[in-house]
Structure formats: structure tokens, C-alpha cells
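Below, chains carry the letters A, B, ... as their sequence lines are ordered, and counting in each starts from 1.
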2 protein chains.
Amino acid sequence: MNQKFVYQFQEGSKEMKELLGGKGANLAEMARLGIPVPPGFTISTKVCQYYYEHNRTYPESLMGEIKEHLAQMEKDAGKAFGNPHNPLLVSVRSGAAVSMPGMMDTILNLGFNDDVFEYQLKNGNNPTFICDSYRRFLQMFGNVVYGIPHHLFEKVLSKVKEQKNVTLDNELDQDGLLQVIEGYKKIYIDEKGKGFPQDPLVQLMDAVNAVVGSWNNDRANIYRRLNRIEGLLGTAVNIQAMVFGNKNMQSGTGVCFTRDPSTGDKGLYGEFLLNAQGEDVVAGIRTPKHIRELDAILPHCYQELLRILETLEGHYRDMQDIEFTIEDAKLYLLQTRNGKRTGAASVKIAVDLVNEGVLSKEEAIMRVEPNSLNQLLHPRFDPSHQEKAVVIAKGLPASPGAAFGKVVFTADEAQNVANGGEKVILVREETSPEDIQGMDSAQGILTARGGMTSHAAVVARGMGKCCVSGAHGISVNEEEKYFKTQLGEIIHEGDIISLDGTKGEVYKGELPTLPPNLSGEFGFFMEWADQIRRLDIRTNADTPKDAQQAVQFGAQGIGLCRTEHMFFEGERIQAVREMILADDVQGREKALAKILPMQREDFIGIFQAMQGRPVTVRLLDPPLHEFLPHDPDDIQELATEMGVSLAVLKEKIDSLKEFNPMLGHRGCRLGITYPEITKMQTRAIVEAACKLAQEKQEVHPEIMVPLVGTDKEFISQKEVIDETAAIVMKEQGITIDYLVGTMIEIPRAALIAADIAKHAAFFSFGTNDLTQMTFGYSRDDAGKFLGAYIDQKILSVDPFQSIDQKGVGRLVSWASKEGKEANPTLKLGICGEHGGDPESIVFCDSLGLQYVSCSPFRVPVARLAAAQASIINRKA
Amino acid sequence: MNQKFVYQFQEGSKEMKELLGGKGANLAEMARLGIPVPPGFTISTKVCQYYYEHNRTYPESLMGEIKEHLAQMEKDAGKAFGNPHNPLLVSVRSGAAVSMPGMMDTILNLGFNDDVFEYQLKNGNNPTFICDSYRRFLQMFGNVVYGIPHHLFEKVLSKVKEQKNVTLDNELDQDGLLQVIEGYKKIYIDEKGKGFPQDPLVQLMDAVNAVVGSWNNDRANIYRRLNRIEGLLGTAVNIQAMVFGNKNMQSGTGVCFTRDPSTGDKGLYGEFLLNAQGEDVVAGIRTPKHIRELDAILPHCYQELLRILETLEGHYRDMQDIEFTIEDAKLYLLQTRNGKRTGAASVKIAVDLVNEGVLSKEEAIMRVEPNSLNQLLHPRFDPSHQEKAVVIAKGLPASPGAAFGKVVFTADEAQNVANGGEKVILVREETSPEDIQGMDSAQGILTARGGMTSHAAVVARGMGKCCVSGAHGISVNEEEKYFKTQLGEIIHEGDIISLDGTKGEVYKGELPTLPPNLSGEFGFFMEWADQIRRLDIRTNADTPKDAQQAVQFGAQGIGLCRTEHMFFEGERIQAVREMILADDVQGREKALAKILPMQREDFIGIFQAMQGRPVTVRLLDPPLHEFLPHDPDDIQELATEMGVSLAVLKEKIDSLKEFNPMLGHRGCRLGITYPEITKMQTRAIVEAACKLAQEKQEVHPEIMVPLVGTDKEFISQKEVIDETAAIVMKEQGITIDYLVGTMIEIPRAALIAADIAKHAAFFSFGTNDLTQMTFGYSRDDAGKFLGAYIDQKILSVDPFQSIDQKGVGRLVSWASKEGKEANPTLKLGICGEHGGDPESIVFCDSLGLQYVSCSPFRVPVARLAAAQASIINRKA
């Protein structure tokens, strides 16, 4: 196998991401463009793949290749690895084809050892810098490669800083740094029983090993799972000559965007620190300066940076996110990539790039991740209240939006409280990759330290969470679970605060919110999407309020109106229970007669909100026991209310219990055993429609029979519906158009779709239940193994999040095809939660469905995803 | 529509069953053959079909046709309808294409009215006969046509019999009969407010109406459901001139078989009553004489009967069941049909007919209903015990077999007690069609009255239940729930008795049983089946005992050995619970180590019993909570045993609870989250196999991974199995052949069968779960609606009994085809309960599966069904 595993930067290009990783490919591209990049090479992702496929060993030829490329790099840099007189120091960085911020481990200043250090300390012209660099190397190498806990190093550092009475790391003098170095070296002996490796080549291979190993650490796996990243070979490893931002005050390091990643506004946006090394900016320990301030300090560096950024944005046709280092007033680019951005920025940049003539509308549509629109749709605080609200803290506007919730101080607690159904705000000194799941559970994040590019800020923007970072005024006591504001107010765990991530402000208590603004760039953008998409977008809504919200978001109809939610409200539940507990048809009919007028009013409200758009109403679906109390006290209370004995009621409740309610007496099985329920619901729908029709309002009810598995079930229920509708229309003296169709949510229904289609006006794929039954997974129980399944890659994605195209999708595909063949006028749609999932929408579009239906807040996401689906499927 | 609805007997033939019903077609055939049949005509099944399709109305042309055919019949009989001087009296009988004994209503002597009666009474030569015929007509017509309760007529009759001090109906003198007639007429006035119709044509149409209406009564529907009769147009109505067996002592009526329906022995078998009308024999009120006794009483009738029976058996090429009436020493045939018979008789007759040169072997195979073999397989009483057992009652050997159980006196109670899992014997004065479901629940039936052709006897034989009928010695008090033997012993409800249906004997207590004798005709017959069939027959067996039984019945391997049953036994459950309650892998492994040797012994036993035949072992399938106690006391006990606190144990049990266990953490989901379980089970299987291999015994384990839904699940479990097997074989120093395959029981597994087949050695279709998930029916809960579904014909058959070919079958068919395409060496079988269902076996054969697997006692049924499947599918 004479496969090539290592590539000098000059050998690569931005098209080689899969092989070189994003970072490596872009370093290569910059080198090709003549942008100043320190020399280096990339160990390709094939090595990582080989490593995991060969029981954690490396290709035989690798070492030789590395040495060869190292030699070239020494030549390019004019330095030599391990040579005390002119040492080549290198960085070792991970870089997969897809960016995973904060997830992989990095080592700087590799190549240091005692010889190099002592020689440079004696003969170099910047002993503090030498000491600081060595100390950083010892700390990073020890932590990343040998797994020595971070806090052991921090303890040594803090102790010396205390002795020296300084606050910041860079305030330590040489003596202090030497003490730190000695302390660090002792940690190696204490923890590992030996000193760190003096041979730079051993260091290098250990570091490569650590990077490759980190591909499979928990944090990386969780990140990939959360972000549905799959199909990658592994990470590449970039070895690059060090340049030093921490050399002196003519040196520094920074990160910078070509447009504002929060708003999308054009213009430089970034931060830098003088006399600092890479991690200092993103770690958030020191608060950096705005990039524009560089102009005053190192103007020619700033001007060169401007030129380079313009070149890069033009070259990549997208907003760039770069890292740079200045060493002795010379600028080096260390990274460029398409910058992560908020949903709002994403839309604004896409629209601006179209207006600037850079992108076509279709390209712009493809540039915005549909899920990122979520962020634009979340409410803002009501300004009239917000104006009067007392700001208890101010920080950076790290991720836009407004949120309130109970204060918690740990990621675990955030998950716990959120799982209990409460909204939480995670408050931390600063966040770390370990906090990701807690951040995901929170409504918003508040940190006391860190800038706009700190971990908290980057991750929150990616998640579309509201975040205020670097709120220096507050002091957080995570142990005793409170934080203190600058004015000395104490906020305890469980207290409610509100965050404005767009302004960077923190308020006490809960502030009322307003719906988001959907005009401007967003309006233009969505118009383009609507022009391009083929699929209609409907919504799942059970109330007039939800229906109105969805219409505002662009819904073209209701794809699923669940009537059972209406059964739970207020006094209705009493009548519903009466119906369930009745012993015969007469008793049930009497109780149903009480529910009828209430349900009719529901439908009037929903039909009005939809203004003539089609409304698919699903008949009663859940098993009846769901409407009965289970707590002994509640049962006693109900018995008293109903005037029956406790024993009788208990017996009735017991008789309705089921072993597997998912597969029990529900859906149309209720309608067939108790046709009076179907009659009442049909009457409520048709009476409501007739009333509006009499008032000359357009109305298009589509009555949906749930859980059909045989053609005869559907035929039998359709008969009841048609008979009832005919009676009502005769009573009301008016005719309305209505359709009767069914949900395809039982595997068998999909298998005999042709038989059902002959009688049905529409199919709506209920992919939630269809997924449950096709996989044999109860959604309520699958948590016990689904996590392990995804960790072990038995499943690449939770099939409840994105439709399983191979299995469930095959059923949907067959049923669509065979249904249409049997009945060419059959309408096809999907109303499971997959209807709001972009990947699933692409699939639905490819099957030729007429519409997808999703929750109101996902309607814009679905509109964009449908436009992307059109583009993708037209290409395919 | 000039459709023909009515057919004179001469117009029909035995091929016209669908149109004329079985009775009508055979009457026509006999008329064609020149056999003496009273003249008549048949109203075709199309009329019944029309009636139910046209809102219970009749075709316009019907009345005209009936009158026309009535005129012809009057001519043939030389009598006139409603003419007092020479009255034509007729019977009106139902008759569908498939015989449904006791299910449809019959009216005799129709055409009587007051004019006819008075004239005949005065001028006829047999006034008692005239009175008795009139009374019978009034009773039957009132009950059947007007729905007047039977007991009202019985009360009048009993009262007069008491006054007259006689026991039997035919002992009443003319005066008594006249009193009865007056009493009966009064019943019409009391119950209906008017006398019965005097116009014979009105009587006729009312009677036709009653017969057609009875097609849809509950009894008929239940019978059709129990016997899976479907697709019939309806019942025909046969109108036939009466002949009178109750005219005098030169008259009589009887039923007769050409061979013994219990044993199949060749030779006349039947009963008759002199001076009696049709229903008297089957009603079981008078105990009839053996048919051979007729030779002494009316020898020329007997000889003619012999000749006719020989003609009929030859003509139909099957054992015939006939009804005859003798009027004034002249023989008439009223019915012939292929006789119902026990399983043993069925086999014996089929084999005899082959030996007699009447049938080919393949024809003989098609003649025996596979399910009827069940009766041959049930145990007999151990003779050594039976000899010494005290007979407490003796009756007729109405349906062979041996059974014991708790005595119950009502059909409802039989169902209740049987549903509780106990065996019951239903004891009745006599049974009626209302008792059918109770009879189905019972192990055996004992009646005090009725002959070999009584309701109890006929139905019990059909069901393959042991039955002793006409045990006159006992007196049954159904009200106070006991019966008294001839010796005065009282047997109460709940006492246990034993029945020998082959000998007609009743014993007190439970008698030990012996396995059935499977040699003789049965042996020949099954050999023919084995020569013809293509499918292999395996068995579902979890114990060496079951395995041995199945081998005796001809099983060619085990298709499903469930290992979880082994987990419940004795002290094992303790170790199993320890495993479940362990907090980590080490704890589980420790507990599994205790189970290993026990499980290994199980497999050794099973492998030995199967003598080298393949054994498919399914790895652990049920959710773990099934092994834990749920009762508070048991939980406390377990906590004490385990040495953990009650709270901890409860929490653990709660944490394992599932909302839908069917769709929860079970099957290979356990093996993937706890691979140590798969390892232990593989080790037990392979160690057992190695041990036998070392002893030079042949052994072919097939390890089956349950509940696979994705290819990766299978791949992952196969890896664990192969690794473990390799280790064990290395330890044991011997190599065994084993296969690893999977159960296809999740719809998705069928949908992605090709992917799984690439890695699997076999597929076994688990159609129980596949049916549950494809339909979305929980077997434990579907009872709440499945009955209604079958009653309302939403489903034609319970899909758990016979495979749903359209839906579930489509999945099985695809998975078979696509699996074979992906892996041509893939073995295919089925191990759901459908594996023992004849219809499903025909389907499996048509798909080209290699084997079906069923419970041991169904193996012979499956062997025969597989032979029939070969014949049917070869034809198709």
C-alpha cells in the first residue's frame, strides 16, 4: 500500500476537505492564494480512519512520511526541530471535514524541551516569553496528551500568582514563571512517575495520537450526535510552525469575521489580545479588544488584515471567520472558514450576497440552514415592559433572542429541571464542552466571563439559544448556588431572571414577550423560498391561537387538528368522563350531547382563524383511559361527582386499563365500537362549517379517520360520517364541501393503501405512530435503549427526529405510489413531527407529496426546507 | 331482471350447491338418480342474498315463481295446498352451501289450518295422527315464525300429559291432543293478539321469511365465525311435500351413516324411531333404536335403504349421512350429504377408500380436515388406572377422547372457569345451540339426554371434544348446581370428574392419561402426507419433554426454543433477578455465571431429545420487568432475599416499568445494551453442543437473535455470538457447526430484509409479533375490539389465528423474496402460531419457505396441511 497519508500545505486545496479536514484544506487554500500562513503539513483523515479500523494502530509508512514533511517544513521555516539554537516549535491541531468547535484537542509550542528552554532562556532576547511558552506547552501537553487534570496545573499557577500578588497570567515575571515551570514538571513526576518526553519527535507522535484519540471522546461523540454529523472518515492533524502572539506587545492574536455573525451586518467584526496566544481569546479569561482598535496599535497589520479578508470573502463567496496571529508586528493567518452565524445573520448575509451580485437566489436559499430560522421566530421582550425593567447585569449580546427561566448553576441541574417541564437559565462562571447538554436544555445562558467568541457564545448561537456572556459585574458562586450582582443583590437557584441576548441585558423576574418581526430581509428571503418550493406547508394546530400563529408564519392550511386536546379542557372533561363511564349507547349519547356545542365552538374558532384554508380534523384518537384519573384521591372525587360508588368506578377504570395502550382500543377502533362518538364529532365539524358557510365564509373541513389498518374500518367510519354530514346539511339547509380521508400510521394501512385509497379523499402519513410500529419502538419507553443505539451507531439518527427513509420511508413511498394509482385524485400529506424536519421534507418532496404539516413555529423552517428540497430534487 | 329464483328438484344437481344449498342440491341429485324423494322445489340462495342487499325485501318476481312451482308440486304429489279433502302439507327447511347443523330453523306440516284439520279429523282414518301433526305445526310455526317462547308450548303440553298421566308425547290420546291444540291456539291469541294465519300461502311466505331471517341470527353468525364460514350468498329454502313418520307404527323416521362416524368402520350406522317425526330423533327426547333393528320391523324398507345407501356412497365417493322417513311402510329419502366424522373416522375412511380403489392417495389427503387430526392426538386414560376406576355413570360414546375437569352446569360458567385457566366439564340435561361457546371452552361434555346424533354429540365431534351423551342414569339439577348418579351420589359444581368419550363412561376424580396411538391407518395416512409435502415441519419446544413429544409426532427439528421459559424455573429466577438488579456489568456477569450451568443442561437435554435434528434457539426476548415480582408482599420478600432495602428495590422495579412493554426494551435490545446476556446464552448453547459433539452425537444449533429491526443490530449481536462461540470451541478443543440467524417479527426487519440477509444464515418469521405490529394490535388488549371487528366483518378472521395474507403476508412475501435474492443460501421458516394453521401453511408453501414450526400437538396437523398445500399450490 503506497498510499499517501501526509500533505504539505502547498499540496492541498479547499476542495480536499474530506481528506485534509476543513482547517487543513483552508490552510492549503490560503497558502495557494499567497496569504501569509506559517509553513506546515496535514496528516490526512485517512490516518484516523486507518487507526480505528486497525485496532488503534497507524499505517507503517506514516512515520517516514511525517519525517519527510517535517524536513520540508524545517526548510521553509528556516528552523530545526529540537535544535536549541534555532528551534522549530509547532502546533498540533485537529480538524475534521466539518467544524466542531471546542470539541477536539490542540497542542501549542510543541518541540520545547529542557535543552531548548535553557539555551533560549540564556541566549534569547525575551526570557519572559520563553518561560511563558514553555509553561504553556508543559500545561497543554500534560493535560491533553497525558490526561493530567487541568486543575493541578491551575493550582500551581494560582499559588505563584498569589505569592507574586498578580491577577493575570501575563503579569508574572520570569522568576514566577520559572517557579511555575518547576511546579509543572513536578506534576508530571507525581502523576506519571516520570518527566515529560524530551525528544520532540516523541512529543509529536504522542500529540498526533492524542488528537486522533480525541476523535472518539465523549464530547466529540455528543457533539456529532447533537449536530447529526456522520459519514466522516475522522479528523486530520495539522502540524504547523508556531508563530507567537505572546512574544511581546508587538505581537498578539485574534479572531475576526468579515460580517457580524449576530446580525449579518457587513463590516469587520472580531476581537484580539496583545501579547497572547491563541486560546486566550476564545477561553474568555481576559476580555479582548475590538478588532478595530488594532488599527491604532499596529496599523499596517490591520490594513493587511482588511485586504486579506476581502480576498478571502471574495474567494469563498461567503462570510469568513478567521484566526490570526501577529508576531513581532508580522501578520499570519492561522485559519479561515465559512463563519458560523445566527439565523438572522444567515438570512441577512444570504440576501445581501444576492443583492451584491455574488449569489443567485437559489444559492442563497441553499446557504441558510432551515433550523437556524428558529432563532428568528422566537419572541422578543415587550419594549414597553422592558424599558421599565431594572437591569441587574450587563454583558455581551452573545446570541440574540429573549428568554426567561429559573436560575440553575450546573448543566446537570439544567437538564433535571428542564426535564420536569420548567424553563431554566443556565448561569456559569464560564461554560465548557462538558456543559453542552445542559445548555441544550436551557432557555438561555448567562456567563460572567468570556467574549463574543467564547465557548458559551459560539455554542449558544449554534443552538439558537439566547446568551449573554462576559457579564463581569456578577460574581457566581456555583458551589453555594447563587450569584451576586454588582449592586450586591443575591439571586438564588430557582429565582427567575430574564435575558435579552440581543442587548446583552439581564433582568430580574419574568418579562412579557412579543412575537418576532418577520419582515425585512426575512420577508424577502421567505418570498424567494415560496417561489421555489413545490410542497405546500400546513400546520398542526388544535386551537384558534395556534392556527393564527401558524397563518402568520405562512401556513397554508391545518394538516392535523387533534380533537382530543379539546376533550381535556375545563368542564368538558367532566362530560367526557360521563361518556366513558356510561353503560350503554344512550348514556354515551347523553354525555356526548353535552360535548357537542363546546366542540362546535372550537371548530368555528379554528375555521375562522384559517380563513378558508383547508383544515384536517382528526377524530378522537387516544384510548379512553387517558381521560380518567389514576390517582386514588382523584378517583374518589370523580366517584362523588358522578354519584357512583368508588368500587364501581374503580372497576370501570380497571376494565379500561391496557397492557400496551399504543396498540390498544384507540383511534377508529373507538369510532367503530362507539359510532356515536364519530357522529358527535362529525356533527360538530359540519355544524360549524355550515354556520360559517351561512355567513359566506369559505371553509374546507377535511375529516380524518385515525389509526385505520383495514379498508373496511375506513369504509365503515366514512359511512357514519357521510350519513351524519348529510343529516346536518339537510337540517342547516346548506351544502358544504368536505373531504373524508385517513391517517396512514399503521404499517398495514401502508401495505394495503390501494384498497383504502379507493374510498379515501386523502392520506395523511402519521409518521410518529408509523415509526413506532414499524420499528416496534414505544416512544415513551425507547429512551431506555435509544441513546445506546445512537452511541453504538446501531442507528445513525433518532428515527423520531428524522424519517427513517429505508424502512418507514419505504412504506410511505409504496403507499403514496399505490394509493395514487388506485385513486389519482388522492391528496397526500404528512403530519408527523417529521413534517418539520428539513431532511424528511426533502424526502417527502421526492415522493411527490402535496404538503407537509408541522407545528406553527416550524412553518418557516419547513417553507425554507421545502424550497431547498425542490432545488435538491430537481438536481437529482 | 328476469332472473330465475326457484328450482324444481328435477332442475338441479349436486354441482349447484352454491345456488341451491347443500340440502337442495343433494335432494335434486337424488331425484335425478331415481331415489324416492318427496316432490318439492328450492328457493335459491340468490333470494337470501337479494333480501339482505335490498333492505330486507324480496325480488318482485319471486311470488309468481313460487306459485308456479307449488302448482307443479301439487301435481307431482297429487294433493292440493289448503284443500281440506286432500291437503298438501309441506316442510320448509333452510340449507346453505355449507352444512350448519342446528343453526337454521325448520317448519314441518305447513299447510294445516282449521278447515283442513276439522275435515281430516272427521273424515281421515287416523285422528290421533292428524291431531299430533296439527299440534306440531302450531308449536313449530309459533316458535320459529312468530318467536313465541318454546316453554309456553311445553307448559301446555306438560300440563295435559300430567292430567292424562302419560310420559311421552306420543302416548297422548286424541282428547289430550285436542286440549293441547286448543291451548296452543290460545297462546297465539295471548302472545300475538290474534290467531295464526289460516291461509297456507301466507303461512308459506311467513315461513320462508323466517328461514331467510334466521340466516343472520346470532346462533348462525356465531357458528359461521367459529367455523370460519364466509363468502356464502345466504341460505336456500327447500319446500317439500311432507311424508309422515308419525302416521302409525308402519311409519317412522331416522338418520343413518354409511360408515361409523366415530371410528370410520364400514357398515350401516344410525338410529330410527317408529311413529315419530324428523326432529324427534335428533332432539334426543326419546332414545332411538339402532338402524339394524329396522330389518326385523320393516324388512323391505331396510333392504331398500341398504341399496340406496350403497348407490349414494358410490355416487358421492364418500361416506353419506342421510335422513329418511317411512310413511305407511314406504321409504323416502329426505336428505343426503357427506357425513361429518371424527378425526379418526376421517382418516380411516380416507385410507379405506384408497384401499377400496375409490380414491387416489392425493384425493384421500385432501379429504381429511387437518384440524380434525387433533382428536387423534389427545391422550387416552391409562388403562391400568381406568380398569380400577369406579364408573359413576354410563352414556353413549358420542365423541371420542379422554378428559377431566371441574363440573359446571352452564355455558357461561364453563367460559368463566376456563378463562381462569382451569379445565371444565360441561354437564347439561341436553345442550342447545346457545351453549356452543361454553362447549368450546370445556374439555368435555356430559349430557343426560340425547343420542349419538343429538346436538351435544354432533357439535362435540365437530369440535374434537370428548363427549358422553344420553347418560340417562344421572339426574341433573342445573339450578342447584349438582347432579345425582343412579346410585344416589351427588356431584357438585367444582367437583372433578373424568369422561371417556370413546367408551361413554364417567368417573369420579381425575384419571391419569396416556399418549394416543399413532400407528395403523393414521401411520399410513401420515406417511402419504409426508411423501407429498414439500415443507418441513418443525416444532416450538422449550423442554426436552416437549421436544420428545414433537419428535414422536414427526417434527423434523425445533423452529423455536424460547430460552426465557428456562429463566423462570425454580431457583433460577433468583439468579435472574440478581442479574436484573445488578448495578453494573460485573454484577450482571456474576449472576449470569450462576445461570450458565443450568441453561447449559437445558440445552443438552433438548439437543439429545432432538437426536441431531436442527434446533433454533432464540436468545432472551421478554422485557426484564417480566421476571420481577409486582405484588407488594413478593417485593418485600425479594428485598429481604437480595439484602437490599424495599425502597431501593421498588425504585429499581419502577425504573424498569414500561408504558408499552411490547414495544419496549426487549429482544436484541437487551442483548445490545447488556451483551453479557448474549455471551452467557451463546456459551450455554455452544458448550452444550460441544459436549454432545465430544460424545459423537450429532447436533445442529441455530442461534436466533430476536426482535431485530436494523441490520446493525444483527451484525452487532452476531459478532458477540461468533466471538463467544470461537472462545468456547477453542476451550473445548472441538468445532461444531452452528448458524446465526434472526427472527423477522418487526415490520422494519421485513422492509430491509435484503440488508439483514447478507449477514444472516436464516430468517424465522415471528408472525405473532409481526401481526401485532403490522396491525397495531396488542394481543393482550385487542380483545376489547376484536370481537366487534369480526362480528361487524371488519375482519373476516382473527389475524392471530390465520395469517393476514394481504398485509402481514405481503411483508413475509417481500422479505422472503428480497432476503433470498441477497443471500441465496438463506433458510426461511415461520415460527409464529400461524405455523400450525392449515390456511397459513398453504400460504407459507406458496412462498417457498423451507419449514413451518408449531406446537408439538399441532405437528401432525401441520404435516397434513403441508401435504394439502403441496397439492393445492401445484394445481394453482
Sort [X] into side chain, backbone, both or neither according to what part of it lies under 4.5 angstrom from a heavy atom of chain A.
| X | answer |
| --- | --- |
| B/Ala782 | neither |
| B/Arg669 | both |
| B/Asp711 | neither |
| B/Leu656 | backbone |

Answer yes when B/Asp755 and A/Lys806 have at least one side-chain N-carboxylate O distance shorter than 4.0 Å, and no when they do not.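 Judged by the 4.0 Å cut-off on N to carboxylate O distance, B/Asp755 and A/Lys806 do form a salt bridge.
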A side-chain contact here means heavy atoms from C-beta on lying under 4.5 Å apart; do [X] and [Y] qualify?
| X | Y | result |
| --- | --- | --- |
| B/Leu751 | A/Trp814 | yes |
| B/Lys784 | A/Glu658 | yes |
| B/Tyr789 | A/Glu713 | yes |
| B/Leu663 | A/Phe775 | no |
| B/Arg748 | A/Asp804 | yes |

Decide if atom [atom1] of [X] counts as having more than 12 heavy atoms of other residues, nucleotides or ligands within a radius under 6.0 Å.
| X | atom1 | value |
| --- | --- | --- |
| B/Gln792 | CD | yes |
| B/Asp583 | CG | no |
| B/Glu651 | CD | no |
| B/Lys820 | NZ | yes |

How far apart are the closest heavy atoms of B/Met773 and A/Gly776, and which atoms are they?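 Heavy atoms of B/Met773 and A/Gly776 come nearest at SD-CA, 3.6 Å.
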Which heavy atom in B/Lys793 sits nearest to a heavy atom in A/Lys712, and how many Å separate them?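 Looks like O-CD, 3.2 Å.
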Pairwise distance OG1(A/Thr673) to CG(B/Leu786) - rounded to 0.5 angstrom: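 Here the rounded value is 11.5 Å.
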Can you measure from CD1 (A/Ile672) to CD1 (B/Ile794) and round to the nearest 0.5 angstrom?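 Answer for the CD1-CD1 pair, A/Ile672 versus B/Ile794, is 4.0 Å.
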For the pair A/Phe785 and B/His665, name the ring-plane relationship: parallel under 30°, tilted 30 to 60°, perpendicular over 60°.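 Rings of A/Phe785 and B/His665: tilted, as their planes differ by 30° to 60°.
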Donor-acceptor pair, distance only, cut-off 3.5 Å: does the side chain of B/Asp781 make one with the backbone of A/Phe659?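 It does hold such a pair.
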Taking the side chain from A/Asn660 and the backbone from B/Ser778, do they hold a donor-acceptor pair closer than 3.5 Å?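 Judged by distance alone, no pair lies under 3.5 Å.
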Which atoms of A/Ser716 approach chain B - backbone, side chain, both or neither, heavy atom under 4.5 Å: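 Just its side chain gets close to chain B.
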